[in-house]
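Below you will find the structure I want to go over with you.
Labels below follow one simple rule: chain letters A, B, ... track the order of the sequence lines, proteins then strands, and each chain is numbered from 1. What you see below is based on every heavy atom in this structure, not just the backbone, and it leaves out hydrogens, waters and symmetry mates.
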Amino acid sequence: MPADAPAMRLDSPTAESPAARFAITVIAIAFLGFFLILPLYAVFAEALRNGIAAYFESFEDPDTIAAIQLTLLVAVIAVPLNIVFGLAASWAIAKFEFKGKSFLITLIDLPFSVSPVVSGMCYVLLFGANGYLGPWLVKHDIQIIFAVPGLVLATIFVTFPFVARELIPLMQEQGTSEEEAALSLGAGGWRTFWSVTLPNVRWALLYGVLLCNARAMGEFGAVSVVSGHLRGLTNTIPLQVEILYNDYNFVAAFAAASVLAGLGLVTLAIKSGLEWRYGDQISAAHRH
Amino acid sequence: MTDATTAAAAGARRPTTAASQDRPSRMSSSFRTPSAIPGFGLTYGFVWFYLCLIILIPLAAVVLWAGSLGPARLFALATEPRTLAALRVSFGLSFAAAALNAVFGLIVAWALTRYSFPGKRLLDAAVDLPFALPTAVAGIALSAIYAPNGLIGSIAPFKIAFTPLGIFVALVFIGLPFVVRTVQPVLADLDRELEEASATLGARRPTTLLRVVLPTLIPALLTGFALAFARAVGEYGSVIFIAGNIPYVSEIAPLLIIMRLEEFDYGAATAIATIMLAISFLMLLAINLIEAWSRRRLGHAR
């Protein structure tokens with residue numbers, strides 16, 4: 001019966017029917033468009049609502065300028081510290097065998113499972129006016145909470161695992177033979193690290209630094225707890241966005257937000273580029 | 001005889017026979033396996049120092065504070081009606097959002113791994129947007145869209161922003177990548193021959209999907225669900241702008257922590273934080289158990 005033939009083809013046993021394929025694809029695209037693309041579009045649309053001039057005008061606000069400078073300062077301190085930590089942690093964990101290694105890896109990943117608000121709160125309990133070290137700090141006139149050191153500490157906390165978790169699986173995979181070869185040829189420890197280990201992990205390192213930096217500049221919950229929201233003094237860009245938004249200054253809020261959205265997009269683009277070009281040289285276990 | 005030959009063979013490989021023979025026994029009891037590579041003491045010491053300074057001592061402060069309150073006071077603070085309501089909002093909506101993400105995340109992961117369509121690569125990259133977009137930015141963007149005068153809010157038949165539904169929307173956004181990114185690699189590694197075998201045995205496609213493909217994806221789905229749930233419970237930035245923050249209705253637990261801290265009521269804040277920490281560690285444990293279980297069952301992780 002020739003009439004049966006197309007029906008048989010439609011009902012392929014190893015693939016979904018074209019109708020099902022179409023439906024699944026449309027649902028997937030609609031879901032992503034609805035929840036991901038639309039908010040991204042909204043940021044730029046709202047920022048440019050009153051035209052390009054109003055957009056740029058909002059960057060003349062001294063508080064916004066101070067917020068951008070503070071964000072850069074915090075990232076410039078927090079990111080390098082976490083890079084040094086990430087390199088040290090991956091060296092110790094990937095190049096040596098010792099007891100309690102998997103426990104140490106779990107501890108390094110710990111900040112990812114703590115709410116950002118709780119991360120900030122830890123430091124308030126330690127350094128806040130009523131905290132454990134509060135009275136001592138007041139006596140010595142040292143301010144950590146509601147000041148830049150608190151912002152830096154909270155940012156380091158939430159970006160802590162990014163570099164380490166990219167490097168550890170990759171360096172474990174690479175093993176120690178190349179380092180042993182370099183050492184046996186007479187290179188010292190530092191020399192081996194700089195000319196053998198570091199070049200081997202450079203793309204994974206860049207990948208981790210990129211994610212660490214994006215989070216450091218965009219962190220909101222943890223820094224919100226320790227900032228005190230002093231205008232022009234302790235507000236990073238995300239906190240400045242909140243203040244402008246709560247002042248009903250929507251164009252300025254979305255303009256400041258568009259800077260962060262732009263940073264996010266650049267991060268995403270480089271990240272995708274790295275995955276596409278150097279996928280084999282970035283840790284196979286990365287999914288974050 | 002045989003002992004002598006193996007010892008000779010070992011001696012040929014390693015000249016210090018006696019030393020290398022007694023070394024393994026010492027090795028297994030010692031803390032670290034000997035290695036020619038330098039720098040263990042320096043890096044290992046620094047890692048613990050930095051870990052204690054930044055993470056462990058501050059987290060211990062929370063535990064210590066909770067301990068100094070005593071169990072009775074801690075329980076009283078944690079079961080205050082407003083605190084209970086906030087915890088219910090946070091956990092209930094996080095669960096619902098993670099469940100929705102499990103369903104749609106599976107569909108998205110399926111479309112991205114199995115089908116090809118224009119713009120697929122771009123959409124694949126966009127899945128990570130919630131990781132890359134700062135939460136405050138997502139928060140004001142979502143509230144602009146879903147507010148009564150917003151793009152979607154103006155055409156929706158009911159109020160979304162400034163109600164619990166708004167919180168739900170924000171939590172779906174924030175949890176979206178977790179399910180997709182845990183299911184995707186499993187789906188890509190899936191042996192197509194299993195599906196073909198199922199087909200040759202007479203199963204129709206829906207039966208194969210339901211009884212052959214879905215069971216292998218369950219561990220990844222559960223892991224993704226747990227990750228999305230854990231993230232949503234602690235989420236603050238993307239939620240507070242769209243939530244409306246009405247006590248007992250749309251007030252989330254992290255917001256209540258911040259409010260208690262601003263009142264210098266560290267005890268109440270600690271009580272809420274303790275519950276959240278306990279739950280997130282339980283989730284961490286659950287995720288590890290799921291992964292161990294899936295490794296045992298399927299012979300691979302995730």
Which atom pair, heavy atoms only, marks the closest approach of A111(B) to A28(A)? CB-CB, 3.7 Å

Contacting moiety of A203(B), where chain A heavy atoms sit under 4.5 Å: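 The backbone, not the side chain.
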
For L183(A) versus A36(B), what's the shortest heavy-atom pair and its separation? CD1-O, 3.7 Å

Which atoms of N82(A) are under 4.5 Å from chain B, going by heavy atoms: the side chain, the backbone, both sets, or neither? both

Apply the test side chain to side chain contact (heavy atoms under 4.5 Å, CB included) to residues F131(B) and L211(A): give CA-CA distance (whole Å), side-chain angles for both, the deciding distance (0.1 Å), then the verdict. CA-CA 9 Å; F131(B) 290 148; L211(A) 297 184; over 6 Å; no

Other residues, nucleotides, ligands: >12 heavy atoms within 6.0 Å of L56(B) CG: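 Enclosed: over 12 neighbouring heavy atoms sit under 6.0 Å from CG of L56(B).
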
Find the one option among A45(A), G131(A), G120(A) whose heavy-atom pairs under 4.5 Å with chain B are most numerous.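 That would be G131(A).
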
Tell me, do S115(A) and V233(B) make a side-chain contact under 4.5 Å, heavy atoms counted?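 When only atoms from C-beta onward are counted, V233(B) and S115(A) do not touch, as no gap falls below 4.5 Å.
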
Would you indicate whether the side-chain heavy atoms of L176(B) and L32(A) approach each other to under 4.5 Å? yes

In sequence, state the C-alpha distance, the side-chain angles, and the governing distance for F160(A) and L51(B), and then conclude on side chain to side chain contact (heavy atoms under 4.5 Å, CB included). CA-CA 9 Å; F160(A) 190 84; L51(B) 190 66; 3.5 Å; yes

Given the options F264(B), F173(B), F241(B), Y146(B), which has more heavy-atom pairs under 4.5 Å with chain A than any of the others?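 The residue among F264(B), F173(B), F241(B), Y146(B) with the greatest pair count is F241(B).
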
For the CD atom of E275(A) and the CG atom of D124(B), what is their distance to the nearest 0.5 Å? 8.5 Å

Contact winner vs chain A - W110(B), F117(B), Y236(B), Y266(B), heavy-atom pairs under 4.5 Å: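 Ranked by contacts with chain A, first place is Y266(B).
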
Pick one of side chain, backbone, both or neither for V241(A), based on which atoms fall under 4.5 Å of a heavy atom in chain B. side chain

How far does CZ of R32(B) sit from NZ of K99(A), to the nearest 0.5 angstrom? 13.0 Å

If every non-hydrogen atom of M121(A) is compared with every non-hydrogen atom of T270(B), which pair is closest and at what distance? CE-CA, 3.6 Å

Between I37(A), L153(A), L38(A), which has the largest tally of heavy atom pairs under 4.5 Å with chain B? L38(A)

For chain B, which of V225(A), L239(A), N130(A) has the most heavy-atom pairs under 4.5 Å? N130(A)

Is W91(A) close to V47(B) at the side-chain level, that is, under 4.5 Å between some pair of heavy atoms? no

Pick one of side chain, backbone, both or neither for D265(B), based on which atoms fall under 4.5 Å of a heavy atom in chain A.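 For D265(B), neither part sits under 4.5 Å from chain A.
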
Can you name the closest pair of heavy atoms from V62(B) and C122(A) and give their distance?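 So the two residues come closest at CG2-SG, 3.8 Å.
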
So, does S280(B) use its side chain to make a donor-acceptor pair with the main chain of S113(A) at under 3.5 Å?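 At least one qualifying donor-acceptor pair exists.
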
Chain B contact via E242(A) - which portion, at a heavy-atom distance below 4.5 Å: both

Under a 4.5 Å heavy-atom cutoff, which of F104(B), F281(B), W48(B), F46(B) has the most pairs with chain A?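 Looking at each option in turn, the highest pair count goes to F104(B).
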
Are the side chains of L133(B) and L260(A) in touch, meaning some heavy atoms are under 4.5 Å apart? no

Any idea which heavy atoms bring A141(B) and V43(A) closest together, and the distance? CB-CG2, 3.6 Å

What part of R231(B) gets within 4.5 angstrom of chain A, counting heavy atoms only: side chain, backbone, both, or neither? neither

Where on T176(A) is there a heavy atom nearer than 4.5 Å to chain B: the side chain, the backbone, both, or neither?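 Contact with chain B is through both the backbone and side chain of T176(A).
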
Would you check if Y41(A) and L151(B) make a side-chain contact, meaning some heavy-atom pair closer than 4.5 Å? yes

Name the option with the most non-hydrogen atom pairs under 4.5 Å to chain B; the candidates are L265(A), I93(A), L126(A).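 Most heavy-atom pairs within the cutoff with chain B belong to L126(A).
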
Is L277(B) in contact with chain A via its backbone, its side chain, both, or neither, using a 4.5 Å heavy-atom distance? side chain

Which atom pair, heavy atoms only, marks the closest approach of S224(A) to I258(B)? OG-CD1, 4.2 Å

Name the option with the most non-hydrogen atom pairs under 4.5 Å to chain A; the candidates are L284(B), L209(B), V172(B). V172(B)

Evaluate whether atom CD of E193(B) has more than 12 neighbouring non-hydrogen atoms of other residues, nucleotides or ligands under 6.0 angstrom away.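 Counting other residues, nucleotides and ligands, CD of E193(B) stays at 12 neighbours or fewer.
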
Who among T208(B), I145(B), V180(B) has the most heavy-atom pairs with chain A under 4.5 Å?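 The residue among T208(B), I145(B), V180(B) with the greatest pair count is I145(B).
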
Under 4.5 Å from any heavy atom of chain A, what part of A138(B) do you find: side chain, backbone, both or neither?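 Neither part; nothing is under 4.5 Å.
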
Tell me, for F35(A) versus chain B, whether the close heavy atoms (under 4.5 Å) come from the side chain, the backbone, both or neither.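 For F35(A), the contact with chain B is made by backbone and side chain together.
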
Could you check if a side-chain atom of F96(A) sits within less than 4.5 angstrom of a side-chain atom of S35(B), using non-hydrogen atoms only? yes

Between V137(B), L42(B), I54(B), which residue shows the highest count of heavy-atom pairs closer than 4.5 Å to chain A?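 Of the options given, most contacts go to I54(B).
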
Based on non-hydrogen pairs under 4.5 Å, which of V114(A), N246(A), L87(A), T267(A) is most in contact with chain B?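 Heavy-atom pair counts peak at V114(A).
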
With a 4.5 angstrom heavy-atom cut-off, which part of I29(A) approaches chain B: side chain, backbone, both or neither?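 Both parts, backbone and side chain.
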
Answer whether the closest heavy-atom distance between the side chains of F31(A) and I107(B) falls below 4.5 Å.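 In short, these two side chains do not touch, never coming nearer than 4.5 Å.
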
Which atoms of Y132(A) approach chain B - backbone, side chain, both or neither, heavy atom under 4.5 Å: both

Less than 4.5 Å to any heavy atom of chain A: does that hold for the side chain of P177(B), its backbone, both, or neither? neither

Aromatic contact between F98(A) and F40(B), with the criterion being ring centroids under 6.0 Å apart: yes or no?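 Between F98(A) and F40(B), the centre distance is under 6.0 Å.
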
Do I55(B) and L107(A) have side chains that get closer than 4.5 Å, going by heavy atoms? no

Nearest-0.5 Å distance, OG1 of residue T197(A) to CD1 of residue I37(B):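 If I round to the nearest 0.5 Å, the distance is 7.5 Å.
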
With only heavy atoms counted, which part of I24(A) is less than 4.5 Å from chain B, the side chain, the backbone, both or neither?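 Interface part for I24(A): both.
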
Given heavy-atom pairs under 4.5 angstrom as the criterion, report whether the side chain, backbone, both or neither of A230(B) touches chain A. neither

